[in-house]
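Reading through the structure tokens given below for one structure.
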Amino acid sequence: MTDNQKQNTSLDTPVCDSLWINANIATMAQGGLGIIENAALAVDKGKIRWIGSMEQLKDVPENQAPKIHDAKGMWLTPGLIDCHTHLVYAGNRAGEFAMRMEGKSYADIAKAGGGIMSSVRATREASEDELFRSSEKRLRSLLKEGVTTVEIKSGYGLEMESELKMLRVARELGRAYSVNVQTTFLGAHAIPPEYAGKADDYITMLCDEMMPAVAKENLADAVDAYCETIAFSPDQVMKLFTAAKRLGLAVKLHAGQMSDMGGVEVAAHFHALSAEHLEHVSEKGIEAMAKAGTVAVLLPGAFYSLRETKKPPVEKFRAYSVPMALATDSNPGTSPVGSLLLMLNMGCVLFGFTAQEALQGVTINAAKALGLQHKIGSLEVGKDADMALWDITHPSELAYHTGYNPCIGVVRHGQFMDIRERLA
Ligand code: DI6
Ligand code: FE
């Protein structure tokens, strides 16, 4: 009998509007997979009402007659969470990929005016509708794999109207596809041409003008920045995060991707929800993350695509009990990735995650990276009935396969959506 089963009293009269039966459930609760086999789960008004074994479930009184979903032995997990994407942008950079495969470096291409700036030019020119149409393809690719929450950053506008346009499109994607979209303002992604050589002035404009405008329209749930030699310094991030906190916004930080500039310590100082990439983070930085409760978001797609060799120190994150999340980092330059399931496999094969850690990385730890662990990320009484249904024999299959999608459907606000219906 797992802890979960011990926790639940028997369900005599299920006050629920839908009831899942004959399911195997990976609840992701209590710091592990939280498996309950041959289980039942009751949902009422979009919330989880009860979870337990089938034998604990008394006959459902006729007068209740909730909608019954027979899982027929298939597996339920929390809906998957992609906690780090740049999936709203126009155009693509396949040409730069070809150049990189012929020996040009990512930094060389950026210095020659390509890279992020290439996506900025295309995104600035695109209408809101064109941006929506090009971005929804990438979102649909994630949704068919049981993703029910996606974080989407701005950062390819780098001027007021275009940044607002990106965040509005992100919010609209959430409404159009009934997926929980968490938006992040990443105006500090790169220095735009209008501020070439004037990074401090750009940061001042972000703090005094752009971020307040984003906050006024309630377009961002958090603020992010790219702390790297080719982007912004720890001091500039410090200034940006001070202004973000003044506006009541959470913070997260791209740090340690190509070098250790001490950005992680700045993130920890502000109790950032997460720090992201982290191939070059120091032990001092990890200790600061542990003290601050900052989640390590690891991005194997960018590591793989850039053919990096220095891996993030997974064993150190374990030693300091820093929660580790995995995400696609879906972006046109370093991680043109459309599969979160592939990130589970890469987290294991490239970074040394266990299969359990990989699934925690896209459920409960990804929820923590978004500050949503009180609502989603594990299947527990009182949390959202936000689930994915899988044709698998064990949760470890989700990290095992590559290029194979066993997702049958998802449950959002308690309503089941067959994948085919969801993406019709
Ligand atoms: N780190 C990355 O890998 C992406 N942004 C960032 O901060 C790169 C984004 C791009 O190349 O378009
Ligand atoms: Fe990123």
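Indexing begins at 1, ligand by ligand and atom by atom, following the structure's order.
A donor atom on one side chain and an acceptor atom on the other are not found under 3.5 Å apart for Thr354 and Gln356. Looking only at atom types and distance, the side chain of His86 has a donor-acceptor partner in the side chain of His84 under 3.5 Å away.
Each of Val411, Ile48, Asp70 was compared with Trp20 under the side chain to side chain contact (heavy atoms under 4.5 Å, CB included) criterion, and only Val411 meets it. Checking Arg168, Arg171, Lys153 one by one against Thr183, the side chain to side chain donor-acceptor pair (under 3.5 Å) holds for a single residue, Arg171. Looking at Lys47, Lys45, Arg49 one by one, the single match for salt bridge (charged side-chain N to carboxylate O under 4.0 Å, His left out) with Asp384 turns out to be Lys47.
Although no hydrogens or angles enter the test, the distance criterion places no donor-acceptor pair under 3.5 Å between the side chain of Ser335 and the main chain of Asn331. Distance alone, capped at 3.5 Å, is enough to place a donor-acceptor pair between the Arg138 side chain and the Tyr89 backbone.
In this structure, Arg412 is not positioned above the aromatic face of Tyr177 in the sense of NZ or CZ being under 6.0 Å from the six-membered ring centre and within 45° of the axis.
Taking every heavy atom of Asn331 and a limit of under 4.0 angstrom, the matching atoms of ligand 1 come to 4 (C), 8 (C), 9 (C), 10 (C), 11 (O), 12 (O). Atoms of ligand 1 lying under 4.0 Å from at least one heavy atom of His254, given by number and element, are 1 (N), 6 (C), 7 (O). Within ligand 1, counting atoms from 1 as listed, the ones closer than 4.0 Å to a heavy atom of Ile116 are 9 (C), 10 (C), 11 (O), 12 (O). Taking every heavy atom of Arg93 and a limit of under 4.0 angstrom, the matching atoms of ligand 1 come to 10 (C), 11 (O), 12 (O). Under a 4.0 Å criterion applied to the non-hydrogen atoms of Tyr156, ligand 1 contributes the atoms 9 (C), 10 (C), 12 (O). Close approach of ligand 1 to His277 (heavy-atom distance below 4.0 Å) involves ligand atoms 1 (N), 2 (C), 3 (O).
No N or O atom of His86 sits closer than 3.5 Å to an N or O atom of ligand 1. Where the criterion is an N or O separation shorter than 3.5 Å, residue side chain and backbone included, Gln257 meets it with respect to ligand 1.
With a 4.0 Å heavy-atom cut-off, ligand 1 is reached by no atom of Glu228.
Ranking protein heavy atoms by distance to atom 5 (N) of ligand 1, first place goes to His189 NE2, 2.8 Å. Closest to atom 4 (C) of ligand 1 among all protein heavy atoms lies Thr334 OG1, 3.7 Å.
To the nearest 10 degrees, the Fe ion (ligand 2) sees NE2 of His84 and NE2 of His86 at an angle of 100°.
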- [ ] Give the intermediate values and the outcome of side chain to side chain donor-acceptor pair (under 3.5 Å) for residues Gln182 and Thr149.
- [x] CA-CA 8 Å; Gln182 291 292 115; Thr149 297; over 6 Å; no
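Here His277 fails the criterion, with no N, O or S atom under 2.8 Å of the Fe ion (ligand 2). Within the coordination shell of the Fe ion (ligand 2), defined by N, O or S atoms under 2.8 Å, Asp329 is present.
Remark: among candidates Tyr89, Tyr106, Phe303, Tyr226, the nearest residue to atom 8 (C) of ligand 1 is Tyr106, based on non-hydrogen atoms.
For the residue pair Ser378 and Pro78, the shortest heavy atom distance occurs at CA-CG, 3.6 Å.
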